[in-house]
There are 2 protein chains.
Amino acid sequence: MGLIESRILADHVYEAIKLMIQDGALKPGAKINKKELESLLGVSQTPINGALSRLAGQRYIEQRKRRGYYVRVYSCKELVDLFAARGAVESMATRLAVETATDAEVEQLTLFFSDVQFPLSDEAYRAYEKTDREFHSALIRYSGNTMIQQMNEEFGYIVRAATKGLIRPPEETIGEHRAIIAAIRERDAKLAAQLMTEHHLRSRNVLVENCQD
Amino acid sequence: MGLIESRILADHVYEAIKLMIQDGALKPGAKINKKELESLLGVSQTPINGALSRLAGQRYIEQRKRRGYYVRVYSCKELVDLFAARGAVESMATRLAVETATDAEVEQLTLFFSDVQFPLSDEAYRAYEKTDREFHSALIRYSGNTMIQQMNEEFGYIVRAATKGLIRPPEETIGEHRAIIAAIRERDAKLAAQLMTEHHLRSRNVLVENCQD
DNA sequence: ATTTACTATATTGTATACAAGATTGCTGTT
DNA sequence: AACAGCAATCTTGTATACAATATAGTAAAT
């Protein structure tokens, strides 16, 4: 199955390193050892360099002259900034989704938080987080905006890493989610987008308060 | 002045190619000839490859297996999508700028369109375009959001290329600009952001109408 | 016991070599 | 003239070599 063969070595190296960064095997600030990667992945310097340059272009890692590549460290301020930007983009996605999604898709969205009952068990709590993520990415999908989808894929993992353990309790957010869904159902794009912006800005404030630097 | 020496060759190659793309010397869809670049820039394959991989990471160019690198072509739909995303981000920048800019900075913003008098001469027309760009980038600067600034730098040239010759007439936009400035002066972040969103969405529609594909 | 100076080692940035795969151009055939 | 087939050429992806620089380690001096 020539599928694997249809990609060059640097692509595989790229994916491998990206995964190591995303799942924490390579922590922020860590130095990337090319020699190690060579023997780990069984390729020469050349594809490693290609992959590292590509990752540097996407700012997953950064290159310090004559000192190697390091996993990019985001300052707390940068994370907050990223969060604001992402909120803006997702708010636009909401607006576009309301304008262009089919009725069936809108129905799908309304189902997301329909059966949440308080108080939540530990399991239901984790399920809520997952539903939250799925709701947001469904909106982005239904927006039909490929550029926003791309941005979301590129920055999503950073935001997820940043907000780990810093999310607001479901008791607080469920109302906002339902208000957004209600606006979507009413096909009120402007209102839905505005509610989404405020939803994100409130979450952003939780991040701000946890910044020490 | 070791400043130039403080950067590696691939950095220079990167800048050189990026400039060629941005000023149109390398047109969308054009194939990038490594050999030519080698002799043009007087370096070997290696730094060229590094620069090309970095540019591929940023999606300035794309790599087709065993067929080389090509300057990325944006479809009309993608440009429209990008425009929407950028509008969202700039709207957020506006909101943040209103919340955090100093009074002096707000005064600076109010000056931007203060002396526009119709009808415009050819020269004044071009000046208006420039003022427009400066106004938008000042807002982004005053937002203090480094991530948004970064996105703007990365995508700005594409948007500019896309909208070349497709901007709405000053007669149509001056009112929107002034309304935004008025909201900023009133320190009404929400209103300013909303006006900015609509300003961009209206411009986006001009793009949509000029899409053939 | 720190700090300093020097040496050995590892890593980086760069160039180059080369096989496998694409492209171009030529030839002869219909 | 249009086209298929093939040969020559060019380009890519990969590996490797090597000098310059950074890092780590060791010995000497305070």
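Below, read A as the first sequence line, B as the second, and so on, with proteins coming before strands; counting in each chain starts at 1. Remember, predicted model here, so these are calculated numbers, not experimental data.
Between B:T46 and C:dT14, a side-chain N or O to OP1/OP2 separation shorter than 4.0 Å is absent. For A:K65 and C:dT11, the shortest distance from a side-chain N or O to OP1 or OP2 is not below 4.0 Å. Taking only side-chain nitrogens and oxygens, A:N33 comes nearer than 4.0 Å to OP1 or OP2 of C:dT11. Taking side-chain N and O atoms only, B:R67 has no distance below 4.0 Å to OP1 or OP2 of D:dT12. Checking the phosphate oxygens (OP1, OP2) of D:dG13, a side-chain nitrogen or oxygen of B:Q63 falls inside 4.0 Å.
The separation between B:K34 atom NZ and C:dG21 atom C1' is 13 Å, rounded to whole Å. Spacing between atom CD1 of A:I48 and atom C1' of C:dT11 amounts to 14 Å, rounded to whole angstrom units. Protein atom CD1 of B:I61 is 11 Å distant from nucleotide atom P of D:dT12, rounded to whole Å. When the P atom of C:dG13 is taken as reference, atom OH of A:Y69 falls 6 Å away, rounded to whole Å. The nearest whole Å value for the distance from the CG atom in A:N49 to the P atom in C:dG13 is 8 Å. If you measure from atom NZ of A:K35 to atom P of C:dG13, you get 14 Å, rounded to the nearest angstrom. Rounded to a whole Å, the CD atom of A:Q45 is 9 Å from the C1' atom of D:dA15. For the pair B:R64 CZ and C:dG21 C1', the interatomic distance rounds to 16 Å; values are reported in whole Å.
Residue order along DNA chain D, read from the 5' end via each residue's closest nucleotide, puts B:G68 first among A:P47 and B:G68. Across the interface with DNA chain D, nearest-nucleotide mapping of A:L9 and A:R66 shows A:L9 to be the residue nearer the 5′ end.
Note on B:G50: nothing from the nucleic acid sits closer than 4.0 angstrom, heavy atoms only.
In the model, A:Y128 has a side-chain atom that pairs as donor or acceptor with a side-chain atom of A:T173 under 3.5 Å.
Ring centers of B:Y60 and B:Y157: under 6.0 Å apart, within the cut-off. Proximity of the aromatic rings of A:F112 and A:H177 is defined here by a centroid distance below 6.0 angstrom, and this criterion is not met.
A cation-pi arrangement is present between A:R64 and A:Y70 under the rule of less than 6.0 angstrom and at most 45 degrees off the ring axis.
Listed nucleotides C:dG13, D:dT12, C:dT12 differ in distance to B:K31; the shortest reach to its side chain belongs to D:dT12.
A:K65 and B:D11 are not joined by a salt bridge, as no carboxylate oxygen comes within less than 4.0 angstrom of a charged side-chain nitrogen.
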